[in-house]
Amino acid sequence: MKDFLELVMARQSDRAYDNTREVEPEKLERILEAARLAPSACNAQPWKFVVITDKELSVKIGKATASLGMNKFAKDAPVHILVIEESANITSLLGSKVKNKHFPLIDLGIATAHISLAAESEGLGSCILGWFDEKEIKQLTGIPSSKRLLLDITIGYPAKDKRKKIRKPKEKVISYNKY
């Protein structure tokens with residue numbers, strides 16, 4: 001198991017997958033458990049994860065993410081985890097109104113981070129996609145039209161080596177005790 005900071009440094013958005021290797025069900029279950037256990041405002045857990053493992057459906061989902069030159073690789077991902085916003089509990093919803101922050105979106109971001117880091121810890125790659133044909137994917141998967149499909153997370157064995165991680169310098173993004 002990797003040290004947490006090593007895990008964070010290693011995690012990247014993988015945009016090429018080895019389509020000769022399937023994701024083992026036990027690895028996928030551990031990734032999904034990490035998502036299920038993610039913290040959420042008022043323990044609302046405002047999420048549902050639709051896991052696509054069927055090869056033909058995975059290709060169709062991948063194609064529904066590709067347009068204008070974006071996400072061409074997604075059709076080769078063996079697994080797609082679709083992240084759907086569900087209703088939050090009353091406490092979270094009231095807090096969202098009072099503080100003018102939509103806590104469910106924050107919660108889904110945390111769960112998504114858990115998924116991508118858990119995938120990395122299992123030796124798998126991931127890429128978080130927000131660019132897709134929501135209506136098409138809903139039709140393919142039976143997600144009700146009233147629900148918001150927010151993200152598609154591709155999962156698979158990376159087909160390319162790790163890249164050097166480029167981030168802004170600490171001084172630009174961190175300060176202590178004042179802005």
* Asked: side chain to side chain donor-acceptor pair (under 3.5 Å): which pairs involve residues 42-70, sequence neighbours left out?
  -> Glu22-Lys55, Asn43-Gln45, Ser58-His80, Ser67-Trp131

* Measure across Ile153 and Ser126 and return the closest heavy-atom pair with its distance rounded to 0.1 Å. => CG2-CB, 4.2 Å

* To do: Please round to the nearest 0.5 Å and tell me the distance separating atom CG of Asn19 and atom CG of Asp76.
  => 5.5 Å

* Does one side chain, of Thr154 or Arg15, offer a donor that lies under 3.5 Å from an acceptor on the other? -> no

* Mind checking what makes side-chain contact (heavy atoms from CB on, under 4.5 Å) contact with Lys172, not counting sequence neighbours? -> Lys168, Pro169

* **Cluster overlap Ile110 with Leu117, hydrophobic side-chain contacts below 4.5 Å** => no

* Asked: Can you name the side-chain contact (heavy atoms from CB on, under 4.5 Å) partners of Pro158, sequence neighbours left out?
  -> Asp14

* Got a sec, which residues hit side-chain contact (heavy atoms from CB on, under 4.5 Å) with Ile166, two or more places apart in sequence or on another chain? -> none

* Nearest-0.5 Å distance, CE of residue Met9 to CD of residue Glu6 -> 6.0 Å

* If you take all heavy atoms of Glu85 and Leu105, which pair is closest and at what distance? -> OE1-CD2, 4.1 Å

* To do: Just jot down the side chain to side chain donor-acceptor pair (under 3.5 Å) partners of Gln139, sequence neighbours excluded, or say none.
  => none

* To do: Before giving the answer on side-chain contact (heavy atoms from CB on, under 4.5 Å), spell out for Leu108 and Leu151 the whole-Å C-alpha distance, their side-chain angles and the decisive distance to 0.1 Å.
  => CA-CA 9 Å; Leu108 290 165; Leu151 298 167; 5.8 Å; no

* Asked: Closest approach of Tyr17 and Pro78, non-hydrogen atoms and distance?
  -> CB-CD, 4.2 Å

Just list the side-chain donor-acceptor pairs under 3.5 Å for residues 140-150, sequence neighbours left out, or say none.
{"from": "Thr141", "atom 1": "OG1", "to": "Ile137", "atom 2": "O", "distance (Å)": "2.8"}
{"from": "Lys147", "atom 1": "NZ", "to": "Glu86", "atom 2": "OE1", "distance (Å)": "2.8"}

* Asked: How far apart are the closest heavy atoms of Phe49 and Ile81, and which atoms are they?
  -> CB-CG2, 4.0 Å

* Are Leu28 and Ile128 connected, step by step, through hydrophobic side chains (Ile, Leu, Val, Met, Phe, Trp, Tyr) whose heavy atoms are closer than 4.5 Å? -> yes

* Asked: Quick one: do Leu129 and Val79 end up in the same hydrophobic cluster if we chain Ile, Leu, Val, Met, Phe, Trp and Tyr together by side-chain heavy atoms under 4.5 Å apart?
  -> no

* Asked: Who are the side chain to side chain donor-acceptor pair (under 3.5 Å) partners of Asp18, not counting sequence neighbours?
  -> Thr20

* Of the non-hydrogen atoms in Ala119 and Gly125, which two are nearest, and what is the gap between them? -> CB-O, 4.5 Å

* **All side chain to side chain donor-acceptor pair (under 3.5 Å) counterparts of Lys75, not counting sequence neighbours** => none

* Structure fact -> Residues Pro46 and Ser40: closest non-hydrogen pair is CD-CB, 4.1 Å

* CD1 of Ile31 to CG of Leu124: how many Å apart, nearest 0.5 Å? -> 5.0 Å

* Is there side-chain contact between Ile61 and Leu82, with heavy atoms separated by less than 4.5 Å? -> yes

* Got a sec, which residues hit side chain to side chain donor-acceptor pair (under 3.5 Å) with Arg21, two or more places apart in sequence or on another chain? -> none

* Taking only residues two or more places apart in sequence or in another chain, which ones pass salt bridge (Lys or Arg N to Asp or Glu O under 4.0 Å) with Glu122? -> Arg30

* Provide the full list of side chain to side chain donor-acceptor pair (under 3.5 Å) pairs with a residue in residues 104-118, sequence neighbours left out, each pair given once. => none

* **Separation between CG of Leu93 and NE2 of His102, rounded to the nearest 0.5 Å** => 7.5 Å

* Within residues 110-119 or reaching into it, pairs that qualify as salt bridge (charged side-chain N to carboxylate O under 4.0 Å, His left out) - sequence neighbours excluded -> none

